[in-house]
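Inspection log for the structure reproduced underneath, given as structure tokens.
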Amino acid sequence: RAAAIEQLTEWANRVGADIIAQNEGSDPAAVIYDSIAAAKARHADVLLCDTAGRLQNKKNLMEELRKIDRVIVLTKERRKKKVSRFIPLSIPNFEGNERKYVDDAIDQGWVSTGGAYITKLEEQMAGFLHVEKVAACQSGTSALHLSLLECNVQPGDMVIVPTLTFIAAVNPVHYQFAEPVFMDCDDSLCMDPVKLRRFCEKECHVEQKQLIHTASGKKIKAVIVVHVFGNLADMESIMDIAEEYHLKVIEDATEALGSHYTKGRFAGKYAGTIGDFGAYSFNGNKIITTGGGGAVTAKDAKTVAHMQYISTQAKDDPHYYIHNEVGYNYRMTNLQAALGVAQMEELPEFIKRKHSNYELYQKLLDGFELGKLLGFREGTYSNQWFYSLEIPMERVNGSLRDIITKLQERGVQTRAIWGLIHEQLPYQNAITYEMEKAPYYSKCILNFPSSTQITEDDIVYVVEQIKDVLMS
């Protein structure tokens with residue numbers, strides 16, 4: 001009996017099962033009743049075993065009741081625990097002075113929206129980007145909102161936006177009671193400049209240096225261009241269109257800190273410094289993080305100073321609380337900035353690792369027919385923040401959700417690209433233009449682990465699991 005119990009326990013551990021009840025002289029019926037109730041609560045299956053570990057037929061439960069010695073419950077939770085490794089999608093990396101600087105900020109007592117680390121981070125950012133001034137703020141979303149305010153976007157105005165992006169790139173347009181006009185992407189996943197030009201030519205006209213949407217008569221004030229996954233959009237074409245049609249350009253560089261052009265008219269220019277405004281994000285999954293936070297820059301340093309002013313409640317006299325404009329609580333805290341200062345020190349190394357990891361993925365996925373690793377625009381040096389696999393869904397079994405679930409069970413965290421924003425409930429009545437590639441890519445792009453601390457062994461494992469799941 002003891003040997004049988006030991007063998008059964010070993011089997012249960014091996015298959016990822018929990019022994020949650022056993023018959024040790026108590027009423028067998030009570031043991032089974034309690035076990036089934038526990039299994040039901042955990043959405044699990046029940047295996048009824050005799051002393052030797054032989055499974056009993058639940059249909060003949062009453063006949064076999066006296067033989068039952070163990071009740072084993074198979075649980076999904078336990079099976080997940082049995083996975084020997086878990087490789088996350090994109091997590092922060094704190095290898096430098098993060099704790100030192102945060103402790104220093106706490107020791108100094110400067111933990112809120114004032115302090116030396118905020119100024120230090122803004123100076124670091126400005127130096128890195130080769131711009132005159134940067135304003136640290138609460139988030140990439142607030143950076144975009146501040147940019148729209150400076151563009152004088154008013155209720156009833158229009159702003160051209162991508163549909164294939166995170167919804168935070170578009171929501172600030174709604175904050176201004178303006179209307180988004182959704183544009184398709186090209187094969188870079190960024191806004192398609194060919195369709196952007198065609199929209200301006202065919203659907204709009206210019207009156208007194210103002211682009212007007214002909215059908216509605218509404219003013220189109222700006223275009224928000226997202227550098228998706230760190231891949232730079234075609235800024236030469238977009239800036240030409242913006243100049244011709246009198247549009248302000250807001251670069252959403254929330255995913256592209258460090259990406260820059262190496263060739264062409266904008267060689268040496270960083271993402272966020274080419275258009276009129278540039279927004280950055282320091283969310284936890286970005287290439288550097290302040291936990292939550294962002295930054296914004298503009299061509300004119302005076303404009304950046306004004307964004308700093310309205311981001312701190314537009315205080316004209318902080319001692320007597322005089323406010324001459326409507327302000328916002330959009331300022332970054334000194335604690336966040338302390339983390340950011342340390343992260344900025346590591347940014348070049350992080351980008352270097354992103355490139356090294358991408359090259360290994362590229363090598364391992366070369367020739368794989370069920371997944372194509374997307375590249376980055378020629379003539380640029382991308383931060384390669386996120387890696388994307390284009391899957392020919394017609395050639396694989398199951399949906400993208402099925403693939404993600406199976407990889408999760410194997411300890412590999414992945415995600416689908418975003419749901420198209422123009423299909424989301426708040427924006428279903430918005431204007432769209434020639435949607436073709438965005439709907440395609442939204443159904444076949446898989447993002448996979450890209451953290452800066454991922455190991456070569458982890459990358460090999462990720463690729464093995466992706467190939468196995470897609471081929472099964």
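Note that this is a predicted model, so its numbers are computed, not measured.
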Short side-chain donor-acceptor distance under 3.5 Å, Asp186 and Ser188: yes
Ring-ring centroid check Phe266 His260, cutoff 6.0 Å: no
Answer yes when Glu244 and Arg197 have at least one side-chain N-carboxylate O distance shorter than 4.0 Å, and no when they do not. yes
Test item: Glu251 side-chain N/O and Gly272 main-chain N/O as donor-acceptor pair under 3.5 Å: yes
List the residues meeting side chain to side chain donor-acceptor pair (under 3.5 Å) with Glu456, not counting sequence neighbours, and say none if there are none. none
May I ask you to decide if Glu255's main-chain N or O and Asn383's side chain share a donor-acceptor pair within less than 3.5 Å? yes
Exam field: side chain Thr452 to backbone Phe350, donor-acceptor pair closer than 3.5 Å: no
Quick one: do Arg353 and Glu95 make a salt bridge, cutoff under 4.0 Å? yes
For the side chain of Asp276 and the backbone of Val249, is there at least one donor-acceptor N/O pair under 3.5 Å apart? yes
State whether the side chain of Ser237 and the backbone N or O of Asp234 hold a donor-acceptor pair below 3.5 Å, judged by distance alone. no
Checking the side chain of His422 only, and the main-chain atoms of Thr432 only, is there a donor and an acceptor separated by less than 3.5 Å? no
CG-OG1 distance between Asp184 and Thr163, expressed to the nearest 0.5 angstrom: 8.5 Å
Any carboxylate oxygen within less than 4.0 angstrom of a Lys/Arg side-chain nitrogen, looking at Glu378 and Lys263? no
Given 3.5 Å as the limit, does a donor-acceptor pair link the side chain of Asp104 with the main chain of Tyr101, or not? no
For Lys221, is there an ion pair with Asp157 - N to carboxylate O distance below 4.0 angstrom? yes
Among Phe229, Tyr361, Phe386, which residue satisfies the ring pair (Phe, Tyr, Trp, His ring centres under 6.0 Å) criterion with Phe448? Tyr361
Does this structure show an ion pair linking Lys133 with Asp300, if we count only N-O contacts that are shorter than 4.0 Å? no
For Asp192, is there an ion pair with Lys437 - N to carboxylate O distance below 4.0 angstrom? no
If you measure from the Lys or Arg side-chain nitrogens to the Asp or Glu carboxylate oxygens, is any gap between Arg198 and Glu434 under 4.0 Å? yes
State plainly whether the residues Arg265 and Asp240 are in salt-bridge range, i.e. N to O under 4.0 Å. yes
Test item: Glu423 side-chain N/O and Pro439 main-chain N/O as donor-acceptor pair under 3.5 Å: no
Check Asp366 with Lys372, please: is the shortest side-chain N to carboxylate O separation under 4.0 Å? no
Check for a donor-acceptor pair, side chain of Trp110 on one end and backbone N or O of Leu335 on the other, with a separation under 3.5 Å. no
Verify, without hydrogens or angle tests, whether Ser388 (side chain) and Ile445 (backbone) share a donor-acceptor contact under 3.5 angstrom. no
